[in-house]
There are 2 protein chains.
Amino acid sequence: MKIGELSARTGVSIRSLRYYDKQGLLTPTRLENGYREYSPFAEQQVRTIQLYLNLGLSTEQIAGFLHCVMKNKEAFCKEVVPVYREKLAEIEEQIALLSAVKSNLEERIRSIMEEDPPNQPLGGE
Amino acid sequence: MKIGELSARTGVSIRSLRYYDKQGLLTPTRLENGYREYSPFAEQQVRTIQLYLNLGLSTEQIAGFLHCVMKNKEAFCKEVVPVYREKLAEIEEQIALLSAVKSNLEERIRSIMEEDPPNQPLGGE
DNA sequence: ATAAACCCTGACATTAGTGTCAGGGTCAAG
DNA sequence: CTTGACCCTGACACTAATGTCAGGGTTTAT
């Protein structure tokens, strides 16, 4: 199938499919006229790519094991777990940072609220 | 004081100080030769800017109330709390998303670990 | 007067996936 | 042969604060 049909089937934009091609994630064969020709398996492959992107993995990370997971079960691809753990650590770090900022903001709001109750006739700047 | 000294005193790069100037956060007077001349109060102002940036606020948001908070207590500036609440909502959304992805990753790792115990002689790709 | 140490502006790069446009080729139906 | 629906590549935009470089002025001390 050609790129427009794959896009329609998967809901992934043509632009993104071309990007996946350039990143080596999904490299279709080419017709004589230069058009990309995708195998029927490409549809599942696109869905798999989207799944990993939604986990926050980069195209480069995905490229590192996509070939394997399309052929085997995820568990057979030794590259997968390290990438998952790496991403997990990154996410935990982000959550910790965000939580700290969140607490800070909450404390600031709380502190302002008790210092400037709404029945005070004072305006701002 | 000139920009180099302010940078040295605060640890904020000259580049960033010029950026704050352009964003209207910290607008020094100019000497006859065009050099920026900062008042002694600028040092505290820079620290305040950094504090808000570390809370994840944008220079635009900070510009919205910096003038007021430099003159009064934060609680007197009515623009502050809405910005805090907005940022808080944003952060909570991000944490929720990250937490969902985190659970997904953990589940995937767990699932792989029990399917492919390390005593199995199978390699990946 | 010259060198060192300042200062200035403007511009490009950074992240990473996607949108979008320009300019152009291909192909099928009428 | 023309129209419309495809397809191609390349390039710029986006976010937002910061790094960095180019090219050039100023000041201070020797």
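Reminder, nothing fancy here: chain letters follow the sequence lines and each chain counts from 1.
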If you take any heavy atom closer than 4.0 Å to DNA chain D, which residues from residues 2-22 of chain A end up in contact?
A/Lys2, A/Ile3, A/Gly4, A/Ile14, A/Arg15, A/Arg18
Atom CD of A/Glu37 and atom P of C/dC27: how far apart are they, to the nearest Å?
13 Å
At their closest point, which heavy atom of A/Val80 faces which heavy atom of A/Val69, and how far apart are they?
CG2-CG1, 3.9 Å
Are any of the side-chain heavy atoms of A/Val101 and B/Leu88 separated by less than 4.5 Å?
no
Which nucleotide sits closest to the side chain of B/Tyr35: D/dT18, C/dC7, C/dG17?
C/dC7
Closer than 3.5 angstrom, by distance alone: can the side chain of B/Thr27 be matched with the main-chain N or O of B/Asp21 as a donor-acceptor pair?
no
How many whole angstroms separate atom OH of B/Tyr52 from atom P of D/dA17?
16 Å
Is B/Arg36 close enough to C/dC8 that one of its side-chain N or O atoms is under 4.0 Å from OP1 or OP2 there?
yes
Mutual orientation of the aromatic rings belonging to A/Phe65 and A/Tyr84 [parallel < 30°, tilted 30-60°, perpendicular > 60°]:
perpendicular
Residue whose closest nucleotide on DNA chain D lies nearer the 5' end, B/Asn33 versus B/Glu60
B/Glu60
Quick one: A/Leu57 CG to C/dT15 P, roughly how many Å, whole number?
18 Å
Protein-nucleotide distance (A/Leu25, atom CG; C/dT18, atom C1'), rounded to Å:
14 Å
Whole-Å distance separating the CG atom of A/Leu31 from the C1' atom of C/dG25:
14 Å
Please state how far atom CZ in A/Arg30 lies from atom P in D/dC6, giving the value in whole angstrom units.
19 Å
Rounded to whole Å, the CD1-P distance (A/Ile49 to C/dA16) equals 17 Å
For the student: nearest non-hydrogen atoms of A/Ile112 and B/Ala75, plus distance
CG2-CA, 3.8 Å
Determine, for B/Glu43 against B/Arg47, whether the closest basic-nitrogen to carboxylate-oxygen distance falls under 4.0 angstrom.
yes
